[in-house]
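In listed order, ligands and their atoms are each counted from 1. Because the structure is predicted, anything quoted here is derived from the model rather than measured.
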Amino acid sequence: MKILIINGPNLNLLGKREPTVYGHQSFDDYFEVLKSSFPKIDIAYFQSNYEGAIIDKVHEVGFTYDGIVLNAGAYTHTSIAISDAIGAVTTPVVEVHISNVHAREKYRHHSYLAAKCVGVIAGLGLDVYRLGIEYFKNK
Ligand code: DQA
């Protein structure tokens with residue numbers, strides 16, 4: 001089983017960025033722990049601050065991988081283009097958010113991506129990535 005985690009803009013700063021919202025752990029550190037929790041699953045990771053690069057990645061893996069766990073960051077709330085990319089591929093996508101976007105600013109309450117995704121997990125900290133992978137594992 002092959003799963004790709006995609007992180008969007010500013011998520012390269014996890015551990016340094018607003019730690020009261022996003023925690024103190026870097027994604028690289030978390031990713032090592034995550035991979036060891038799923039020894040039988042091939043888990044890849046991609047991060048970009050660029051909308052087009054995220055779309056290219058969805059196209060690249062979106063007909064062969066078993067699942068994508070996507071935290072599109074702020075593009076969640078703005079990007080019809082990423083929404084179209086999710087709709088264009090056959091690989092199912094789970095949308096995740098580290099913070100509880102519904103308890104934050106109003107502009108974070110709407111997702112252009114959610115309707116194209118199989119589900120959404122938000123507000124549980126970095127554990128949302130593990131839960132996204134669990135979904136694909138148990139499917
Ligand atoms: C986020 C929530 C978004 O609103 C924000 O723009 C992010 C991170 C989260 O993981 O909680 O960059 O997707």
- Message: Quick check: closest heavy atoms across Leu34 and Ile5, and the distance to 0.1 Å?
- Response: CD2-CD1, 3.4 Å
- Item | Shortest non-hydrogen separation from Ala81 to Ile55 and the atoms involved | CB-CD1, 3.6 Å
- Query: Do any nitrogen or oxygen atoms of Leu11 come within less than 3.5 Å of a nitrogen or oxygen of ligand 1?
  - Reply: no
- Message: With a 6.0 Å cut-off on the ring centroids, do Tyr45 and Phe27 count as close?
- Response: yes
- Identity and distance of the protein heavy atom lying nearest atom 8 (C) of ligand 1: Tyr22 OH, 3.4 Å
- Message: Closer than 3.5 angstrom, by distance alone: can the side chain of Ser111 be matched with the main-chain N or O of His77 as a donor-acceptor pair?
- Response: no
- Message: Using a 4.0 Å cut-off to any heavy atom of His77, which atoms of ligand 1 qualify?
- Response: 3 (C), 4 (O)
- Message: Under 3.5 Å between any N/O of Ile98 and any N/O of ligand 1: does that happen in this structure?
- Response: yes
- Note on the structure: shortest atom 1 (C) of ligand 1-to-protein heavy-atom contact is with His97 ND1, 3.7 Å
- Note on the structure: Taking only non-hydrogen atoms of Val101 and a 4.0 Å limit, the atoms of ligand 1 in range are 2 (C), 4 (O)
- Will you find, in the side chains of Arg104 and Ser99, an N or O donor that is under 3.5 Å from an N or O acceptor? yes
- Applying a strict 4.0 Å limit to heavy atoms, is Arg17 in contact with ligand 1? yes
- Nearest neighbour in protein (non-hydrogen) for atom 11 (O) of ligand 1: Ser99 OG, 2.6 Å
- Message: Quiz question: by atom type and distance under 3.5 Å, do the side chains of Asn71 and Tyr129 form a donor-acceptor pair?
- Response: yes
- Task: Report yes or no: does Asn10 have a heavy atom closer than 4.0 Å to ligand 1?
- Result: no
- Message: Is it true that Asn49 and Glu51 share a donor-acceptor pair across their side chains at a distance under 3.5 Å?
- Response: no
- Note the single closest protein heavy atom to atom 5 (C) of ligand 1, along with its residue, its atom name and the distance in Å. Arg108 NH1, 3.3 Å
- Any heavy atom of Asn71 sitting closer than 4.0 Å to ligand 1? yes
- Message: Please determine whether the number of non-hydrogen atoms from other residues, nucleotides or ligands lying under 6.0 Å from atom NZ of Lys2 exceeds 12.
- Response: no
